Amino acid sequence: MILHGYWRSGAAYRVRIALALKGVDYETQGHDLRTGAQKAADYVALNPQGMVPALQIDGAVLTQSPAILEWLEETHPEPPLLPADPLDRARVRAMAALIVCDIHPLNNLRVGKSLREDFGADQAAVDAWAARWIVPGFTALEALVARDGDGWCFGNTPTLADACLIPQIYSAHRFNVPLDAFPRLLAIDAAARAHPAFIAAHPDRQPDAD
């Protein structure tokens, strides 16, 4: 199993968390998004979208982190990252989608690059842009965690929602987004900082990190 990613990619980060939570061994292949390495011909042959992550397994290539996370849950069911009850599973998936669909795509590297190159944004403007989407998303997520969380996003063990949240909190810090209004999310982040799987998946611990 080979995970193609980039140490600071939020999408690759969430897959690393899930792999670590499930105790799945894998090799890492880094592609520096800053230099356009993900657009190299040999990588595009694996993933025509030219984005990370991609997971090579048993002669197949899986792309898009939500699909990879679902595949991991189906093929490596222990420990479960989705609850047993179908309604609860839908709630966890909704939390994850709030992050991966409505927040993360608007503050990833290629959007920031476009803001700088196409619209002349400086770092302060890029930070404000990121906050514009992170803050309302986290406001909604804080309310959902208040309803369903018990130390983690849903219940008292990590789920797919937590695997998605922690990379987004990492990004929020990078964009200097104040998070004091989200005590429940910050408490989850603190729990993750003490959890071996989340520690192992942290960007700073990746072999391709600066």
Side-chain angles (χ1 to χ4, degrees), residues 3-17 28-40 43-44 47 49-54 63-66 95-145 153 161-194 198-210:
L3 177 64
H4 295 266
Y6 168 60
W7 64 282
R8 212 160 54 184
S9 161
Y13 188 0
R14 64 181 72 119
V15 172
R16 293 196 305 265
I17 291 170
T28 297
Q29 180 64 57
H31 303 270
D32 194 333
L33 304 187
R34 297 166 297 186
T35 64
Q38 75 280 14
K39 300 299 183 182
Y43 183 68
V44 173
N47 180 2
Q49 197 175 11
M51 297 175 67
V52 298
T63 62
Q64 289 292 339
S65 62
M95 289 182 181
L98 187 158
I99 298 163
V100 305
C101 298
D102 295 334
I103 302 177
H104 176 254
L106 291 161
N107 61 251
N108 63 17
L109 183 64
R110 62 178 181 165
V111 170
K113 183 178 180 181
S114 178
L115 289 171
R116 292 182 180 91
E117 295 179 357
D118 300 335
F119 300 98
D122 60 12
Q123 189 59 50
V126 172
D127 289 352
W129 169 268
R132 167 66 182 83
W133 310 108
I134 292 171
V135 170
F138 275 9
T139 299
L141 188 60
E142 180 83 5
L144 294 174
V145 171
C153 283
D162 302 288
C164 297
L165 170 63
I166 297 307
Q168 191 58 63
I169 290 180
Y170 175 82
S171 290
H173 288 309
R174 285 184 56 228
F175 291 116
N176 301 304
V177 179
L179 300 180
D180 292 344
F182 313 112
R184 292 178 178 85
L185 303 190
L186 290 177
I188 293 169
D189 186 51
R193 289 175 185 271
F198 288 87
I199 293 171
H202 192 277
D204 291 348
R205 289 179 171 257
Q206 304 317 302
D208 60 326
D210 290 347

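Every value quoted in this text rests on a predicted model; they were computed, and no experiment measured them.
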**OP:** Please name the residue in the list Gln206, His202, Arg8 that meets the side-chain contact (heavy atoms from CB on, under 4.5 Å) test with Tyr13.
**Re:** His202
**OP:** Please examine the side chains of Phe182 and Thr139, heavy atoms only from C-beta on, and report whether any two atoms are closer than 4.5 Å.
**Re:** yes
Original post:
Can you find a heavy atom in the side chain of Tyr6 that is under 4.5 Å from one in the side chain of Asp32?
Top reply: yes
**OP:** Working to the nearest 0.5 Å, report the span between CE of Met51 and OG of Ser9.
**Re:** 8.0 Å
Original post:
Do Pro167 and Ile17 come close enough that some side-chain heavy atom pair is under 4.5 Å?
Top reply: yes
Subject >> Interatomic spacing from CH2 in Trp133 to CD1 in Ile103 - rounded to 0.5 Å >> reply: 11.0 Å
Subject >> Minimum side-chain heavy-atom gap Gln38-Leu109 below 4.5 Å >> reply: no
Original post:
Any chance CZ of Arg174 has more than 12 other-residue heavy atoms, nucleotides or ligands included, within less than 6.0 Å?
Top reply: yes
Subject >> Heavy-atom side-chain contact between Gln29 and Tyr43 under 4.5 Å >> reply: no
Original post:
Can you tell me how far CG of Leu33 sits from OG1 of Thr35, rounded to the nearest 0.5 angstrom?
Top reply: 8.0 Å
Original post:
So, Trp129 side chain and Gly112 main chain: donor-acceptor pair closer than 3.5 Å or not?
Top reply: no
Original post:
Within a strict 4.5 Å, meaning less than it, do heavy atoms of the Val177 and Phe138 side chains meet?
Top reply: no
**OP:** Answer yes or no: is there a side-chain heavy-atom contact under 4.5 Å between Ile188 and Ile166?
**Re:** yes
Subject >> Under 3.5 Å donor-acceptor, Arg14 side chain and Pro66 backbone >> reply: no
Original post:
Does the side chain of Leu179 reach to within under 4.5 Å of the side chain of His173, using non-hydrogen atoms?
Top reply: yes
